[in-house]
Colleague: 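Below you will find the structure I want to go over with you.
Keep in mind that what you see is a predicted model, and the values were worked out from it rather than measured. These values consider heavy atoms only, across backbone and side chains, with no hydrogens, waters or symmetry-generated copies. Chain letters run A, B, ... following the sequence lines, proteins first, then strands; residues in each count from 1.
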2 protein chains.
Amino acid sequence: MREVAVIGVGMTKWGELWEKSLRNIFVETALLALDDAGVDRIDSLYVGCMSSGLFVGQEHLASLLSDYLGQNPVPAARVESACASGGLALRLGFMEVASGMSDIVLVSGVEKMTDVTGNEATYALGSAADQEYEGYHGITFPGLYALIARAHMEKYGTTREQLAMVAVKNHNNGSLNPLAQFPQKITVDSVLNSMLVADPLRVLDCSPITDGAAAIVLCPLDRAKKMKKPIVKIIGSGHATDTIALSSRKDITWLESTYQAAKKAYAMAGKEQKDIDIIEVHDCFTIAEICVIEALGVIEKGKGGKAAEQGLTSLQGKIPVNTSGGLKSKGHPVGATGVAQAIEIVKQLRGEAGARQVKKARIGMTQNMGGSGGSSLVHIFERE
Amino acid sequence: MREVAVIGVGMTKWGELWEKSLRNIFVETALLALDDAGVDRIDSLYVGCMSSGLFVGQEHLASLLSDYLGQNPVPAARVESACASGGLALRLGFMEVASGMSDIVLVSGVEKMTDVTGNEATYALGSAADQEYEGYHGITFPGLYALIARAHMEKYGTTREQLAMVAVKNHNNGSLNPLAQFPQKITVDSVLNSMLVADPLRVLDCSPITDGAAAIVLCPLDRAKKMKKPIVKIIGSGHATDTIALSSRKDITWLESTYQAAKKAYAMAGKEQKDIDIIEVHDCFTIAEICVIEALGVIEKGKGGKAAEQGLTSLQGKIPVNTSGGLKSKGHPVGATGVAQAIEIVKQLRGEAGARQVKKARIGMTQNMGGSGGSSLVHIFERE
């Protein structure tokens, strides 16, 4: 297998982009990534998207997007793993370059979520759960994560304030990210007084509904070395699944798919958790970040709530988590999130992260998750 | 890249399977494939599915299916390229084994289409077209293929009877396939007198709405050689896209994506069209088979209509096409079709095709297509 580098990244400001359609936001970001990479032709295209069928009535998405990017007849594949679709696209693009099948691969993610009503969006997102054993009984994702939060509080003494501190930290970081959907700083008080969604989770514990896309360009390391940009390699990729329904798990506070995916990524990269300088994790709800950093080995099991409280994961902390603002502040166009996480890591490792730049960051990690942890993708990046 | 073999295939009878849900039909076929392969653990899973979101309200499909097959935490990816989703799953599974990422890979396709009304199914299938420039103006797939048929008749003198002969041939073959949804033999007269759907296409020119799944197991050739089954290798894989909308093409009678995908598959396999003994093609409508065999180089451009008429593509012909009955008679659960095509080729090359066995078949090909040809996947198989 060949070594693989990221040579281009592209992203525009996320939000409620009513004046643009899915194909527009994809093409804008893809062109930025191609421009950043200094290439105008690709050999293959991957797009991660959770549910363009339910959100905009469009399947056959990769054909559409390669067409509108002017790249057909290139092979183009749409991949789906709910909110981890972007991470899955990254893994398959990585595999395609590593295997020698293709040299220049565009990996993208996109979701257009605001063209439907709130109820329709909730239904579409709910299709990431087990529809027959969870969805049809009325539970939606805030409810599923509220169950996890309540169990974590009961089992480990995690406090309501600690959940809020995750949101406060991520909005602090997001306030330094010009592309974030909600760059407002917030306080623990504002989280605690925001609207209750599913006890104990309030609206400021939840990531928003977002339109957005993200794109990166991959190529073999040899070729990347001929270019002028700082080189960022992908050195590890892990992918794992767990039961899709929460009720089938022994312990709903433990994200086994994230643990398994990280184990594989660490092994492929030849690194341990202590080697990682920065991490982007899937904070779809505040409790998710807490469980994820435990599963990644950043902090001991049950102690994730203390990380934000003690500043361990802040921008100035020992291991900054979600320097981009995370899903919480940057936004969460579900299929695009996994690719945007990779973009943040690449920008940090290149030293292009502006006001939120972490000094001396050399190795970064992304963790992207589908549903309530039914699937996870973990990638490790290293500055050459 | 390593050589890749198919070591197991699994499929059950297709039809209107109201008593089973999507997960059931997937698990049944996957277990048959694992049993045929003689393995009980896999390293990775791919599932091709066009629109489980619109058909049954379930995304996050690969997580669900790896869970219900008892295979988590294995990596599991759902891929989508409209009606070519199964072919895309096959290509990515092939790539995963060829690259050395995994040894035992389960490649499957599934679609549960009869849980919605006819109008809802038409809408879901229509999402394979360009929704903004085709779908929203009211055209559906029979209409798009009717435009192609009319243009082919005008340009090349293809006759209404020749279209019917494609359906007659495929139902003849399907009558010998115990797993076919519509194994009835039909006549040219019955096609010509069947209900008009979109002039000139009648209902017996159209593939049906079907519930079904299909699964195969891939592994490196070295490992396959240790098993007792006849060995079938995948020696070529081609994937290409074209404009998604018909109106953007110079010539709507020509399937450029199929031509490009075949060119790549022939090149990878080191074979020419004349080396191929049998082909399974994407006859979603009778006109599709005619255009496809032209794009594959089986017959001269414009003369596809004569192939069925002259018996060239019949079971006893020079190059049998759709020995399984094709989409027309076997059924067309859209995401499963590309995998089922591979199963028919493997059965033929193994000599396990029963009453429809083609003698001395050694090299076979599959062609799977999304929408009106916005994407195509071509694979070439060889008996070791």
Side-chain angles (χ1 to χ4, degrees), chain A residues 1 21 23 44-45 49-54 56-64 66-67 71-82 88 91-92 95-96 98-101 123-124 126-132 135 238-245 248 256-257 260-261 370-371 374-375, chain B residues 1 21 23 44-45 49-54 56-64 66-67 71-82 88 91-92 95-96 98-101 123-124 126-132 135 238-245 248 256-257 260-261 370-371 374-375:
Chain A
M1 305 243 296
S21 79
R23 63 191 74 186
S44 176
L45 164 66
C49 181
M50 174 177 166
S51 196
S52 54
L54 291 171
V56 295
Q58 178 75 63
E59 308 283 10
H60 210 189
L61 200 64
S63 171
L64 178 86
S66 97
D67 185 12
Q71 293 287 342
N72 56 49
V74 299
R78 180 257 182 122
V79 302
E80 182 267 318
S81 190
L88 180 57
R91 176 176 168 86
L92 295 182
M95 197 168 75
E96 181 145 346
S99 70
M101 283 279 276
Y123 172 77
S127 69
D130 186 325
Q131 278 292 57
E132 295 182 17
H239 179 193
T241 49
D242 193 1
T243 68
I244 186 167
S248 313
E256 180 69 15
S257 69
Q260 293 285 351
S375 63
Chain B
M1 306 241 296
S21 79
R23 65 191 73 186
S44 176
L45 164 68
C49 181
M50 174 177 166
S51 194
S52 53
L54 291 170
V56 295
Q58 178 74 64
E59 308 282 11
H60 211 187
L61 199 64
S63 171
L64 177 86
S66 95
D67 184 11
Q71 292 288 342
N72 56 51
V74 299
R78 179 256 184 124
V79 303
E80 182 267 317
S81 190
L88 181 58
R91 178 178 166 84
L92 296 180
M95 196 168 77
E96 182 145 346
S99 71
M101 284 279 276
Y123 173 77
S127 69
D130 186 325
Q131 278 293 58
E132 295 182 17
H239 179 193
T241 49
D242 192 1
T243 66
I244 186 168
S248 312
E256 181 68 15
S257 69
Q260 294 285 348
S375 63

Colleague: Of the backbone (N, CA, C, O) and the side chain (C-beta and beyond), which part of A/S81 lies under 4.5 Å from a heavy atom of chain B, both, or neither?
Modeller: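 For A/S81, backbone and side chain are both near chain B.
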Colleague: What part of B/A129 is in contact with chain A, defined as an atom under 4.5 angstrom from a non-hydrogen atom: side chain, backbone, both or neither?
Modeller: backbone
Colleague: How long is the straight-line distance from SG of A/C49 back to CD of B/E80, given to the nearest 0.5 Å?
Modeller: 8.5 Å
Colleague: Mind checking side-chain contact (heavy atoms from CB on, under 4.5 Å) for B/S99 and listing every partner two or more places apart, or none if nothing turns up?
Modeller: A/M1, A/M95, A/S99, B/M101
Colleague: Relative to chain A, which of B/A124, B/G57, B/A98, B/S52 shows the most heavy atom pairs under 4.5 Å?
Modeller: B/G57
Colleague: List the atom of A/H60, the atom of B/G371, and the distance in Å for their closest heavy-atom pair.
Modeller: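 Between these two residues, the closest heavy atoms are CE1-N, 3.7 Å.
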Colleague: Go through the atoms of A/N72 and report whether side chain, backbone, both or neither lie under 4.5 Å from a heavy atom of chain B.
Modeller: both
Colleague: Taking C-beta and beyond as the side chain, do A/V56 and B/Q131 meet within less than 4.5 Å on heavy atoms?
Modeller: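 Side-chain contact under 4.5 Å: no.
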Colleague: Below 4.5 Å, heavy-atom pairs only: which of A/V74, A/T241, A/D67 has the largest tally toward chain B?
Modeller: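 Among A/V74, A/T241, A/D67, the one with the most close pairs to chain B is A/T241.
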Colleague: Kindly give the heavy-atom pair with the smallest separation between B/G374 and A/S63, and that separation in Å.
Modeller: O-OG, 3.0 Å
Colleague: Between B/L45, B/L92, B/D242, who has the most heavy-atom pairs with chain A when the cutoff is under 4.5 Å?
Modeller: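 Result: the option with the highest number of such pairs is B/D242.
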Colleague: Count the heavy-atom pairs under 4.5 Å between each of B/Q71, B/E256, B/Q260 and chain A, then report the option with the highest count.
Modeller: B/Q260
Colleague: So which part of B/S66 gets closer than 4.5 Å to some heavy atom of chain A, the side chain, the backbone, both or neither?
Modeller: side chain
Colleague: Select, from B/G100, B/G135, B/S21, the one with the greatest count of heavy-atom pairs under 4.5 Å involving chain A.
Modeller: B/S21
Colleague: Please classify the contact between A/E132 and chain B as side chain, backbone, both or neither, with a heavy-atom cut-off of under 4.5 Å.
Modeller: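 Interface part for A/E132: both.
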Colleague: Carefully, step by step, assess A/E59 and B/L54 under the rule side chain to side chain contact (heavy atoms under 4.5 Å, CB included).
Modeller: CA-CA 10 Å; A/E59 308 283 10; B/L54 291 170; 4.2 Å; yes
Colleague: Is the shortest heavy-atom distance from the side chain of B/R23 to the side chain of A/D130 under 4.5 Å?
Modeller: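 A side-chain contact under 4.5 Å exists here.
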Colleague: Checking A/S127 now: which residues fulfil side-chain hydrogen bond (donor to acceptor under 3.5 Å, both in side chains) with it, not counting sequence neighbours?
Modeller: none
Colleague: What part of A/Q58 lies closer than 4.5 angstrom to a heavy atom of chain B: side chain, backbone, both or neither?
Modeller: both
